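All chains are named by letter (A, B, ...) in the order of the sequence lines, taking the proteins before the strands, and each is independently numbered beginning at 1. Bear in mind that the values here come from a model prediction, so they are computed numbers and not experimental data.
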Number of protein chains: 2
Amino acid sequence: MTKIQKVADLAGVSTATVSRALAGKSSVSPATRSRVEDAARELGYVVSANASSLASGKTRNVGVVVPFIDSWFFIAVLKGIQRSLADAGYDLTLYHLDPNVGQDRPVEENPRRRRLFDEFLRRGRVDALIAVSLELNRAELDSLTAIKKPVVGIGGPLPGIQTLSLDDHEVARLAVDHLLALGHREIAHLAGDQDFEIDFHLPAHRRAGWEEALARAGITPDPLMLRTADFTIAGGYDATLQLLGDPRVHPTAIFAASDEMAIGAMLAARDLGRSVPEDLSIIGIDGHELSDFFSLTTVDQFPEVQGRHAVEILLHQLDGDRPEPGNEALPYELVVRKSTGPAPGSSRR
Amino acid sequence: MTKIQKVADLAGVSTATVSRALAGKSSVSPATRSRVEDAARELGYVVSANASSLASGKTRNVGVVVPFIDSWFFIAVLKGIQRSLADAGYDLTLYHLDPNVGQDRPVEENPRRRRLFDEFLRRGRVDALIAVSLELNRAELDSLTAIKKPVVGIGGPLPGIQTLSLDDHEVARLAVDHLLALGHREIAHLAGDQDFEIDFHLPAHRRAGWEEALARAGITPDPLMLRTADFTIAGGYDATLQLLGDPRVHPTAIFAASDEMAIGAMLAARDLGRSVPEDLSIIGIDGHELSDFFSLTTVDQFPEVQGRHAVEILLHQLDGDRPEPGNEALPYELVVRKSTGPAPGSSRR
DNA sequence: GTGAAAGCGCTAACAT
DNA sequence: ATGTTAGCGCTTTCAC
């Protein structure tokens, strides 16, 4: 392994100067700098990350914690994070914290989770942390603030931590208002189930948005119009079969809490011989990569952009900015495609 | 930050003993060990990863390089890797090397790719590397062997490197043989396109398997029965529209090179009013999470297991084993569901 | 602008 | 089984 001393020898300077030149510090004359760069290139020298980190206290590595590693949304966020980090010369260490593991016991007793907070994050291997959709308990929050490293949470709010979050309530209202504007009054909701409540009660917020939008339109939400599923296509499919098969309700539209459930609903409707959107309008939330293929109307929340934005904030903080922690609302956008249309028999067009 | 000296003081031993005790070395008396552990717990001491790595040369971190971060297959592999690594107390640093970037220029001129091999992997931040579906050029292979760290490739073979790979040719033959056994003779193939050839010519191998299986059955592959797509649902859908709309061919079965394309084919067939499998049988490759939902017959390649297995091999090597590099064939399994059935008019049942 | 030297916090010989 | 000590390879004062 080539070390800094060799480069210093070849360039005819001290190791200190090599370090400065290669780190891009300003206090090096252009001539010296290029001699050092040439020497480094010639020897194929690359700084040892560990030695550098130990001496400087900076790792150029960011930890990312995600609750699910195989859901489209989290992967999209991760992709945005990875890209931005790589471009900034940072490594990304991936931690996965399955929130369903140990759900029966209090969160603080989940051993994997404890281990992450008590060990992994305290070994000084990361300069900062991005937590995606993780609701942290008091002890975890404390342990994060204790290590005094920048933390950005996606999905929030998290007390004492800078977060980015979607206003789930508003997003849901927008989706339902879109359906109301098309003349629908019998609007069902495919909500996320229990297992996902850990993430800032996202299912509850979206459900509340549905209820509020209906209430404002003078409609009393019917409990039979509310079905829960697990955010997947298969889950949305099954829930929709139940919903459409129930003789007591006659929805003309479905608002699904995720695009994947909405796609499942479209497939179920088709299998039951209902045309979308003629017989049934369907809207989701996310901006899933498949939504365009299925012509699904959705509220896009730009997950990849969320990841990029989180990195941007983090890099600013690593540059010395210490913004007061707070919550920033994430952008979203109604994307109308062909899965929603006027309510059957509606006068509105 | 609590350092080792404090723990040593509290436990009344030297730092060396603390280091040994906490590392689980055998040469520490049980009594001393538990005193050290108590002291460490009391002080909330966690070793500094950087200091430890610098002194020992071991990082307990593994790098993983994937070509696509948003394809189901790679994520499934990544999930398997992450789980196993975490259980073994290893961190995982994720590198993403989009093979499409810079495709117009030779691989060795892709700057991101160069940077990964010339810098990131040489900074000594990882103990080992897992490369998923990456065909490496001479220079890259050399740079990997030069750093003398264990490397396991998933998808291969890679000269001089230990690899795990699916026999794409055999898998394709199995899929086509399944269709032939059902009496099909007009079997089309949805192949992966150009962009994926970089990965060990996987599309070419699967196509060759299709051709060979047909040839063995005395059937001459018809070029019009071969369509290419990009491995996605949308791509498979479009390619299938083209295929089924072409008046010159009359396939009774489709062998798709991936489950996602097969699902696209199923949706296209349905939109064209063809029943699956009565009018058209469809088979894919992968074992995609949606294959069960769509009742898709497929050849499962257990991607998550592939990831776990790669880690297993790596950990063995890190324990001192130096197996000769070679290629290990990965298991696969035909999973028959309802998307394949007897050929129309076939006597076989 | 550059050099000398003192660590960064730990591990691994080498002793005992 | 435990202590002593010399680094691991770099960055950063502090001088000049």
Side-chain angles (χ1 to χ4, degrees), chain A residues 1-37 39-40 43-61 89 119 122-127 147-149 318, chain B residues 1-37 39-40 43-61 119 122-127 147-149 318 320:
Chain A
M1 204 188 83
T2 313
K3 9 195 173 188
I4 201 170
Q5 185 63 59
K6 287 213 182 182
V7 181
D9 292 348
L10 183 58
V13 294
S14 71
T15 60
T17 298
V18 173
S19 176
R20 290 180 191 116
L22 263 29
K25 308 249 183 201
S26 55
S27 57
V28 179
S29 78
T32 309
R33 182 186 305 278
S34 69
R35 255 188 307 130
V36 170
E37 283 166 351
L43 297 171
Y45 171 77
V46 174
V47 296
S48 151
N50 287 314
S52 173
S53 298
L54 181 56
S56 70
K58 291 162 192 325
T59 63
R60 294 195 76 80
N61 185 30
E119 282 183 46
R122 298 185 57 222
R123 293 180 307 192
R125 258 247 262 279
V126 300
D127 284 340
I147 55 179
K148 295 214 196 67
K149 294 198 155 85
L318 289 172
Chain B
M1 205 188 80
T2 314
K3 9 196 173 186
I4 201 170
Q5 184 63 60
K6 287 212 182 182
V7 181
D9 292 349
L10 183 57
V13 294
S14 71
T15 60
T17 297
V18 174
S19 177
R20 290 180 193 115
L22 264 28
K25 308 250 188 210
S26 55
S27 57
V28 179
S29 78
T32 310
R33 184 186 304 279
S34 69
R35 254 188 306 131
V36 170
E37 282 166 351
L43 297 170
Y45 170 77
V46 174
V47 297
S48 152
N50 287 313
S52 172
S53 298
L54 183 57
S56 71
K58 291 161 191 331
T59 63
R60 294 195 76 81
N61 185 29
E119 284 183 44
R122 299 186 56 222
R123 292 181 305 192
R125 256 244 261 278
V126 301
D127 284 340
I147 54 178
K148 295 214 196 67
K149 296 200 154 94
L318 289 173

Is there a donor-acceptor pair closer than 3.5 Å between any side-chain N or O of [X] and the backbone N or O of [Y]?
X	Y	answer
Arg60(A)	Ser53(A)	no
Arg125(A)	Thr59(B)	yes
Asp127(A)	Lys58(A)	no

Practice problem: Enter the distance from Leu318(A):CG to Lys149(A):NZ here, rounded to the nearest 0.5 Å. | Solution: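 Going from CG on Leu318(A) over to NZ on Lys149(A), the span is 10.5 Å.
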
Quiz item: If you measure from CZ on Arg33(B) to CG on Leu22(B), what distance do you get to the nearest 0.5 Å?
Solution: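 CG of Leu22(B) is found 9.0 Å from CZ of Arg33(B).
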
Exercise. Identify, with sequence neighbours excluded, every residue that meets side-chain contact (heavy atoms from CB on, under 4.5 Å) alongside Val46(A).
Key: Arg122(B), Arg123(B)

Quiz item: Which two nucleotides bound the region of DNA chain C that has atoms under 4.0 Å from heavy atoms of chain B, read 5' to 3'?
Solution: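 So the outermost contacting nucleotides come out as dG9(C) to dA13(C).
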
Which pair of heavy atoms, one from [X] and one from [Y], lies closest together, and at what distance?
X	Y	result
Tyr45(A)	Thr2(A)	CD1-O, 3.3 Å
Gly124(B)	Asn50(A)	O-ND2, 3.2 Å
Ala21(A)	Val28(A)	N-CG2, 3.9 Å

Exercise. For DNA chain D, find the residues of residues 14-27 of chain B with a heavy-atom distance under 4.0 Å and give them by number; none if there aren't any.
Key: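 By residue number: Ser14(B), Ala16(B), Thr17(B), Arg20(B), Ser27(B).
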
Quiz prompt | chain A contact limits on DNA chain D, taken 5' to 3' with a cut-off of 4.0 angstrom to heavy atoms | solution = dG9(D) to dT13(D)

Under 3.5 Å, which donor-acceptor pairs do the side chains of residues 6-20 of chain A form with other protein atoms, sequence neighbours left out?
{"from": "Asp9(A)", "atom 1": "OD1", "to": "Gln5(A)", "atom 2": "NE2", "distance (Å)": "3.0"}
{"from": "Ser14(A)", "atom 1": "OG", "to": "Ala16(A)", "atom 2": "N", "distance (Å)": "3.4"}
{"from": "Ser14(A)", "atom 1": "OG", "to": "Thr17(A)", "atom 2": "N", "distance (Å)": "3.3"}
{"from": "Ser14(A)", "atom 1": "OG", "to": "Thr17(A)", "atom 2": "OG1", "distance (Å)": "3.4"}

Quiz item: Counting only non-hydrogen atoms, which of residues 48-58 of chain A are less than 4.0 Å from DNA chain C?
Solution: Leu54(A), Ala55(A)

